[in-house]
There are 2 protein chains.
Amino acid sequence: MRGPSRHRGATLDDVARRAEVSAMTVSNALNHPDRLSDETLARVRSAIEDLDYRPNRSARTLRSQTSRLVGVRVERSRQDRAALLLDQFLHALAESASGLGYHLIVCHAAGDTAELAAYQELRQTTAVDAFVLTGAHRDDARMRWMREQGVTFACFGRSWDPDPESPGAFPWVDVDGAAGIRAAVEHLAGQGHSEIGLVGWPADSDLGRDRERGWREACADLGLPARVQAHVVDEFDAGRDAAHRLLDAPRGGPVPTALVCVSDTLALGVLRALSERGLRPGRDVAVTGFDNSPSAALTTPGLTSVDQPLADVAAALMRLIDAELSGVRPSATHALLPPRLVVRDSSLAR
Amino acid sequence: MRGPSRHRGATLDDVARRAEVSAMTVSNALNHPDRLSDETLARVRSAIEDLDYRPNRSARTLRSQTSRLVGVRVERSRQDRAALLLDQFLHALAESASGLGYHLIVCHAAGDTAELAAYQELRQTTAVDAFVLTGAHRDDARMRWMREQGVTFACFGRSWDPDPESPGAFPWVDVDGAAGIRAAVEHLAGQGHSEIGLVGWPADSDLGRDRERGWREACADLGLPARVQAHVVDEFDAGRDAAHRLLDAPRGGPVPTALVCVSDTLALGVLRALSERGLRPGRDVAVTGFDNSPSAALTTPGLTSVDQPLADVAAALMRLIDAELSGVRPSATHALLPPRLVVRDSSLAR
DNA sequence: CTGTTAGCGCGTTCAA
DNA sequence: TTGAACGCGCTAACAG
């Protein structure tokens, strides 16, 4: 019979006996050190060290109704998407969590209904104190549920609700997509392009509309037309097809010499289309993406892309959550972080 | 007093009262349903349903010394590596864990010492029942620690210890790298290549030597020379430089018409080198990678690569862990899974 | 088959 | 400033 190895660690009582105090004093040494005299505190601490004592998580959780665990969903990464920010984001989140004394618990869900069910289960079993969500959309069922249940959470991705004070508002951290696209457009204009097209997402995407706004406004500011555009789903083939359509210049319209894409997935599809047409990226048609995903650096030619500051996003999210759990009113319930353009050969005329 | 975030769920006693049985009976209904009569079982279950009862994780953990939590480390993904299998693997692992009633707890560590410390902390606070490790190497300190502590674990990546019965052995699941490379070589030979070079890792890598063996053996079986080779670290630039060197054919040696790479990172670097030399991938020089990372499908031309069955790996790992935790002797303590070659344009002559 | 007893390890009462 | 009791919610061990 070899069941789970039962690790008998030192308990609070063991430490108490060794330090010749009561268990409560040891507990206070951990949670309210200011309540102890310096002398006993030192004695308790050395006993803790001697025994290599760690408080038992479950006992603590059971007693205090707080687990210092944060739930986060991992999504299956589809092979046709370059948006593989997840593992970078997850690492950053784990790091930030760790710094504030939290751990991450990963929750798998295959679909939106399952996602809510998984959150509910983690919540009801008092396994987690809070959640980190990603990709909010208008009228998001997850946000509604969280608010109804009074669950602490923060979201990577802003609330697109037009009224920031509305009940739909929630704590979020996001990257300024419009600014990122604007930087790409300005860079392309600096390379001498004057007909800069957009490969964007469908109009029902708030995120896509925000990035599109960056393109439109930058073009306006530069005195350039913002007329060549496509709106497609975020898939490689969709980007490829869109590029072919735009470069075919339907009805004798203008032919773009540069294409700004709202994702690396689309941009990589565009690069494929250029190759199929015998066009050289950068020299013949400049291309930029968004996300600075690993593929951007590794493809040939390198893809110019907008880099999201994931470490900062993660840190800000964890700070929001920690503030809420600590009962502190945070100075701001959301943050919009600036991205950074990483220039590679796909956009250089050279 | 009770804040909104303190959601008091139903307890075992609540269910017991409602079903007019003792708390113990409810517990049995959950954990040993066979010990109950059909009639009481049904009554208890309906009470559970009525109250939407979920057992409290911490209480259960505290009592049973088992958390059904599995620890896994997430590593920072370096931008110059395509081996971004992590998030796919993590998702697969979360899915398999979920299917067996486990959850994943993510542990961040910046370095090997920190990794051990993080494991230790999770272990000592009785937060996790087991660990999933990745990337074992000879004389691995993590494995040694796990065994010494009697901690349950399983590893993605085999034990390279020459004697499988030695104390260094441990439960693992791995992908047959030699077979994957062999498939790539056979495919290239089928495309008419007869001078197939290898871009491998340094000789001190067991994993790299295994993949190299696949190349050597396949060439021997096909009656082809296995002489053109480079051994470099797993970085984009290293792959790029290696390709240049091999194609320069030092000392008038043979010029390879195909390059088999032991990782996608290296292969993508090779593709860059080809572009710099004005050579067309597939037509002039065929290239294959290993991992079938997202970039393989998204780069242009598409990169032929060896796909690792991550979902199967994850499932096998969780089965090993579950068996060990359940005190069941598993039929085998390790598994070597076959990979699958995904052919794309980088290796096709036309 | 079902109920009773007795904690798991910790932290919040209180009292000293 | 420190200590004693109690209970968080659940389940192993034993009755009945």
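Just so we're on the same page: letters track the sequence lines, and every chain starts at 1. No experiment lies behind these values; they were computed from the predicted model shown.
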Sugar-phosphate only, base, or nothing, as touched by Leu36(B) at under 4.0 Å among non-hydrogen atoms
sugar-phosphate

Going through the distances and angles, do Asp14(B) and Tyr53(B) end up as a side-chain hydrogen bond (donor to acceptor under 3.5 Å, both in side chains)?
CA-CA 9 Å; Asp14(B) 297 333; Tyr53(B) 165 76; over 6 Å; no

Kindly indicate whether the side chain of Arg60(B) and the base of dG9(D) share any N or O donor-acceptor pair separated by less than 3.5 Å?
no

Atom NE2 of His32(B) and atom P of dT11(D) are separated, to the nearest Å, by 9 Å

Atom-to-atom span, CG of Leu30(A) to P of dG11(C) - whole angstrom
7 Å

Hey, what are the protein-to-nucleotides 13-16 of chain C N/O distances that come in under 3.5 Å?
none

What integer distance in Å separates Asp13(A):CG from dC6(D):C1'?
14 Å

To the side chain of Arg63(A), which of dT1(D), dC10(C), dG3(D) is closest?
dC10(C)

Would you mind classifying the nucleic acid contact of Ser58(A) as base, sugar-phosphate or nothing, using non-hydrogen atoms under 4.0 angstrom?
nothing

Between Ser58(A) and Thr61(A), do the side chains contain an N or O donor and an N or O acceptor separated by less than 3.5 Å?
no

Of the listed nucleotides dG9(C), dG3(C), dT11(D), the one nearest the side chain of Leu12(B):
dT11(D)

Between Leu51(B) (CG) and dG9(D) (C1'), how many Å, whole number?
15 Å

OG1 of Thr66(A) to CG of Asp129(A): how many Å apart, nearest 0.5 Å?
3.5 Å

Test: salt bridge (charged side-chain N to carboxylate O under 4.0 Å, His left out). Region: residues 25-43 of chain B. Which pairs qualify, not counting sequence neighbours?
Glu39(B)-Arg43(B)

Between C1' of dT2(C) and CD of Glu20(B), the distance in whole Å:
15 Å

Ser37(A) side-chain N/O to dT2(D) phosphate OP1/OP2 under 4.0 Å
yes

Atom-to-atom span, CG of Asn28(B) to P of dC10(D) - whole angstrom
14 Å

Got more than 12 heavy atoms from elsewhere within 6.0 Å of CD, Glu49(B)?
no

Taking the side chain of Ser22(A) as heavy atoms from C-beta outward, which of dG9(D), dA4(D), dA12(D) is closest to it?
dA4(D)

Which of these nucleotides, dG9(C), dG9(D), dG3(C), is closest to any side-chain atom of Ala59(B)?
dG9(D)

What's Asn31(B) touching, base or sugar-phosphate or nothing? Going by heavy atoms closer than 4.0 Å.
sugar-phosphate

What nucleotide, of dG11(C), dT2(D), dT11(D), holds the atom closest to the side chain of Ser27(B)?
dT11(D)

Lys/Arg N to Asp/Glu carboxylate O, Glu115(B) vs Arg142(B), below 4.0 Å
yes

If you only use heavy atoms from C-beta on, which nucleotide in dC10(C), dC10(D), dG3(D) is closest to the side chain of Val21(A)?
dG3(D)

Closest to the Gln65(B) side chain: dG11(C), dG9(C), dG9(D)?
dG9(C)

Atom pair distance, as rounded to whole Å: CG in Asp38(A) and C1' in dT2(D):
15 Å

DNA chain C: Thr40(B) or Leu62(B), which has the more 5' nearest nucleotide?
Thr40(B)

Rounded to whole angstroms, how far apart are CG on Leu41(B) and P on dC1(C)?
11 Å

Taking only side-chain nitrogens and oxygens of Thr25(B), does any of them come within less than 4.0 Å of OP1 or OP2 of dG3(C)?
yes

For the pair Arg138(B) and Asp140(B), find out whether any cationic side-chain nitrogen is under 4.0 Å from an anionic carboxylate oxygen.
no

Thr25(A) side chain to Val21(A) backbone, donor-acceptor under 3.5 Å
no

